[in-house]
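What's counted below: heavy atoms across the whole structure, side chains too, no hydrogens, waters or symmetry copies. Below, chain A is the first sequence line, B the second, and so on; all start at residue 1.
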Protein chains: 2
Amino acid sequence: MGTRQLETVPEPKYWHLKTVLSEALDSEFAVGEILPNERELAARFGVARATLRQALEQLELEGRLQRRRGVGTTVAPPRMGVAVGTAEQAWPGAAGDPWQPVDCTESAPSAAVARLLGTGPEEAVHIVRRSLVAHGQAVAAELLHVPAASVPALPGIAAGAGAARARAVLRELQHLELDGQDRAVELGSARAEDARELDRLPGAPVLVVTTRYFTASGATAAVSVATYRADTCRLTFDASGDLAIHHDEERQAS
Amino acid sequence: MGTRQLETVPEPKYWHLKTVLSEALDSEFAVGEILPNERELAARFGVARATLRQALEQLELEGRLQRRRGVGTTVAPPRMGVAVGTAEQAWPGAAGDPWQPVDCTESAPSAAVARLLGTGPEEAVHIVRRSLVAHGQAVAAELLHVPAASVPALPGIAAGAGAARARAVLRELQHLELDGQDRAVELGSARAEDARELDRLPGAPVLVVTTRYFTASGATAAVSVATYRADTCRLTFDASGDLAIHHDEERQAS
DNA sequence: AAGTGGTCTAGACCACCGG
DNA sequence: CGGTGGTCTAGACCACTTC
């Protein structure tokens, strides 16, 4: 990266800072190591703290750093691969599904989910909350929306609460024949509730995976909206049909 | 969502601002409409411009707004769905592939790509640049890495330049038998080069899709690194096997 | 030239975590 | 309690687009 300030390149300071820091992370720091605090880093680079923070924010977005209030800034491990697209399609909660049921409520879904389900906007559905933990860290939170029509044999509403009820809904789902599914991935920001569960601040970047599950009759039997921590996760769509979560040392290609 | 300021919930101003603006966008603004400028909005809400900008940044990240220097802030259309996972797996450049070849160079890949390819870190590969345009807007830029061993019958190095050479490499790829592929999606920030092509500023959030293509012998024959504009794209992994880009009115479910 | 969003500054205070 | 990152301010100047 030689000197080339002679071109029409008034490179922003934070961008240059990010590059310098990124190279320093590669060569001079080990995973888990804590960096000097923001005030000292800013002084060392001769910039305002806000400018230094702009660079740190980018590096955190790229999964290179992890910042925690009251603690400090540490060098993040490489992103973990999380398998979300498997060849063997199965209902959520099938054998080997690593998601952990948390609880289950019954209420009206958001307008967007209602549209995907094809149900009326006022019609209540079962909403199963599940979470995905990998390497001791919560990496994703899911809201699984199941219309009552999909689980007709569900025991009465009072059939337990919390995780027990969630498991009951998932068990009933297995009785349906799954015909296919449909996935979309987009960038979002964590709602306050998800942020708490993912140990992030509200608004943290997340990858939102929306999955529609179809029955043999072609109807949408359930819709899952899963939010993955964008800073620590790389979603993998292997053809290998393996649900296992694996942690590897591959870095973002670029 | 009643009033609950009595709890220990000192909600940040920018977060509240974002909520207010978001609701205003839903009810009072049409797609494409320009908002008042930042200085006026900040004054109207009684906050500093930096705080107002923090809210706008979040909304832009969520694909609700589009900001352009020298122009203004406009209400963004819903994200377009871009199909990236198709049941009928095919080599890049196959019939119906909407990607447009731009040019082709021959150089050493990044360390990360070299690892995926299984080639030596110094070994040069063909790097085909392609771009994806939808609705008159560039939505993605791709670097397709093809080791020389994958296209042995390629005419001499001087066989054209630019798009012509890119097409030649793609044509040769079709002669190989494709056995499978492997995808990963993660959040990244646009390199300066990608940012220019995507009409964004450097560092803009992008969805990075890394695809490995395998030959029947199990070797990695090519690696594609595609960066999609995270603000305007929703990646779809339909089982329908349709490469078409469709624009629909679905909003992020949340 | 005028107006927009993008960058940068030098401060201040707050919420959170640890000892 | 001290130290950390998170929020917020009130300015300034710059790069870009449009007229």
If you compare every side-chain N and O of [X] against the phosphate oxygens of [N] (OP1, OP2), does one of them come in below 4.0 Å?
{"X": "A/Asn37", "N": "D/dG3", "value": "no"}
{"X": "A/Thr51", "N": "C/dT7", "value": "no"}
{"X": "A/Thr73", "N": "D/dT4", "value": "no"}

Nearest-angstrom distance from the residue atom [atom1] of [X] to [atom2] of [N]:
{"X": "B/Leu52", "N": "D/dT7", "atom1": "CG", "atom2": "P", "answer": "16 Å"}
{"X": "A/Leu65", "N": "D/dT4", "atom1": "CG", "atom2": "C1'", "answer": "15 Å"}
{"X": "B/Leu56", "N": "C/dG5", "atom1": "CG", "atom2": "C1'", "answer": "10 Å"}
{"X": "B/Glu57", "N": "D/dC8", "atom1": "CD", "atom2": "C1'", "answer": "14 Å"}
{"X": "A/Glu38", "N": "C/dC16", "atom1": "CD", "atom2": "P", "answer": "17 Å"}

| query | Taking for each residue the nucleotide of DNA chain C with the nearest heavy atom, is it A/Ala50 or B/Gly72 whose nucleotide lies nearer the 5' end? | reply |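 By nearest-heavy-atom nucleotide position, the 5'-most residue is B/Gly72.
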
| task | Taking atom types as modelled, find out whether B/Thr74 and B/Gln66 have a side-chain donor-acceptor pair closer than 3.5 angstrom. | result |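 Result is no, nothing qualifies.
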
| request: Enumerate the residues from residues 14-25 of chain B whose closest heavy atom to DNA chain D is under 4.0 Å, giving them by residue number; use none for an empty result. | output: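 Going residue by residue through residues 14-25 of chain B, the ones with a heavy atom under 4.0 Å of DNA chain D turn out to be B/Tyr14.
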
| said: For a quick test of reading the model, state the closest non-hydrogen atom pair linking B/Asp103 to B/Ala166 and the distance between them. | reply: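 Of all heavy-atom pairs spanning B/Asp103 and B/Ala166, the closest is O-CB, 3.6 Å.
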
Could you pull out the protein-nucleic contacts involving nucleotides 13-15 of chain C (nitrogen or oxygen on both sides, under 3.5 Å)?
none

| field | Among C/dC8, C/dT7, D/dT18, the nucleotide that comes nearest once only the side chain of B/Arg53 is considered | value |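 Output: C/dT7.
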
